[in-house]
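Only a predicted model underlies this, so the values are computations on that prediction, with no experimental measurement involved.
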Amino acid sequence: MAAGPDGAAFRMYVRTQPHQSVPYPSLGPRPVSGLARFLMPMSLYPPTPDSPSLSSPDGELTPMEAQCLWLVLDMANRLHRPVEVIDVSHVAVPPETFDDGEGDMLLFPVLIRPDGAHLSGEHDFTPGRVRNFLKGRPIPFRG
């Protein structure tokens with residue numbers, strides 16, 4: 001499995017929220033290759049097309065964040081790139097991980113490339129941007 005430019009995995013940070021008053025059905029185990037399997041609850045695997053969100057016993061991703069995660073994992077699988085998926089609601093992550101280098105905090109979800117480049121916030125996760133990002137190409141500024 002090919003990794004990032006220096007052999008390291010990409011890291012995707014997501015944040016589950018407490019369950020809403022109307023719980024979504026559990027998605028059950030989904031087959032995902034790579035490191036995501038070991039860092040995420042089994043029920044947080046990519047949804048079926050009709051699934052409204054990704055759910056675990058302790059919380060759920062918003063539908064938009066779930067869609068971003070599904071896009072990244074699908075694209076990474078196609079490009080043979082390992083992705084670590086880390087739910088910051090359950091794993092302590094140093095706050096400086098989410099500093100954009102100019103003193104601002106990154107928006108979730110966050111995908112960080114081994115070279116330090118990042119995609120941040122649901123608006124950054126389009127198929128073209130994710131594909132180019134995973135290939136190591138420069139990502140044009142979105143203003």
Side-chain angles (χ1 to χ4, degrees), residues 1-20 24-143:
M1 186 185 281
D6 65 355
F10 293 79
R11 289 188 176 198
M12 181 149 184
Y13 295 92
V14 297
R15 181 175 46 197
T16 53
Q17 306 293 321
H19 285 288
Q20 310 248 333
Y24 292 107
S26 174
L27 299 175
R30 299 279 188 250
V32 173
S33 62
L35 297 173
R37 169 180 327 188
F38 302 106
L39 297 170
M40 254 177 30
M42 290 295 286
S43 57
L44 288 182
Y45 287 145
T48 58
D50 59 344
S51 298
S53 75
L54 293 175
S55 180
S56 77
D58 298 324
E60 63 194 8
L61 293 176
T62 64
M64 285 302 295
E65 197 165 342
Q67 185 175 359
C68 294
L69 175 60
W70 190 21
L71 172 66
V72 168
L73 292 178
D74 181 55
M75 193 73 62
N77 188 47
R78 291 174 192 218
L79 296 172
H80 307 288
R81 301 288 194 264
V83 175
E84 286 182 85
V85 178
I86 301 164
D87 181 356
V88 299
S89 300
H90 300 289
V91 177
V93 178
E96 58 270 12
T97 301
F98 306 112
D99 184 338
D100 72 353
E102 297 180 14
D104 294 323
M105 296 303 286
L106 300 174
L107 303 172
F108 284 91
V110 176
L111 180 61
I112 300 178
R113 202 163 49 195
D115 66 4
H118 63 270
L119 296 180
S120 170
E122 298 162 352
H123 62 279
D124 265 357
F125 289 83
T126 63
R129 287 176 69 82
V130 169
R131 180 178 26 261
N132 286 333
F133 187 82
L134 290 171
K135 287 182 175 182
R137 296 180 180 153
I139 303 299
F141 174 72
R142 286 180 67 143

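A distance of 11.0 Å separates CE in Met12 from CD1 in Ile86, rounded to the nearest 0.5 Å. Distance check, rounded to the nearest 0.5 Å: CG of Leu61 to CG of Asp87 gives 7.0 Å. Note: Arg129 CZ to Asp124 CG = 4.5 Å, rounded to the nearest 0.5 Å. Of the inter-residue distances, the one linking Leu134 atom CG with Asn77 atom CG reads 11.0 Å to the nearest 0.5 angstrom. Considering CE of Met75 and CZ of Arg81, their distance stands at 12.0 Å, rounded to 0.5 Å. Rounding to the nearest 0.5 angstrom, the gap separating the CD atom in Glu122 from the CG atom in Leu71 is 12.5 Å.
Of the possible donor and acceptor atoms, none in the side chain of Ser120 sits under 3.5 Å from a partner among the backbone N and O of Val110. In this structure, the side chain of Ser89 engages the main chain of Thr16 through a donor-acceptor pair within 3.5 Å. Listed for the Glu65 side chain is no donor-acceptor partner under 3.5 Å among the backbone atoms of Phe108.
A heavy-atom distance below 4.5 Å is found between the side chains of Phe125 and Leu111. Counting heavy atoms from C-beta outward, Tyr13 and Pro109 have side chains that stay 4.5 Å or more apart. Side-chain contact between Val72 and Phe10 is absent, with no heavy atoms from C-beta onward closer than 4.5 Å. Two residues are said to be in side-chain contact when any heavy atoms from C-beta on lie closer than 4.5 Å; Thr97 and Arg11 fail this criterion.
Across every non-hydrogen atom of Arg131 and Leu79, the tightest pair is O-CD1, 4.0 Å.
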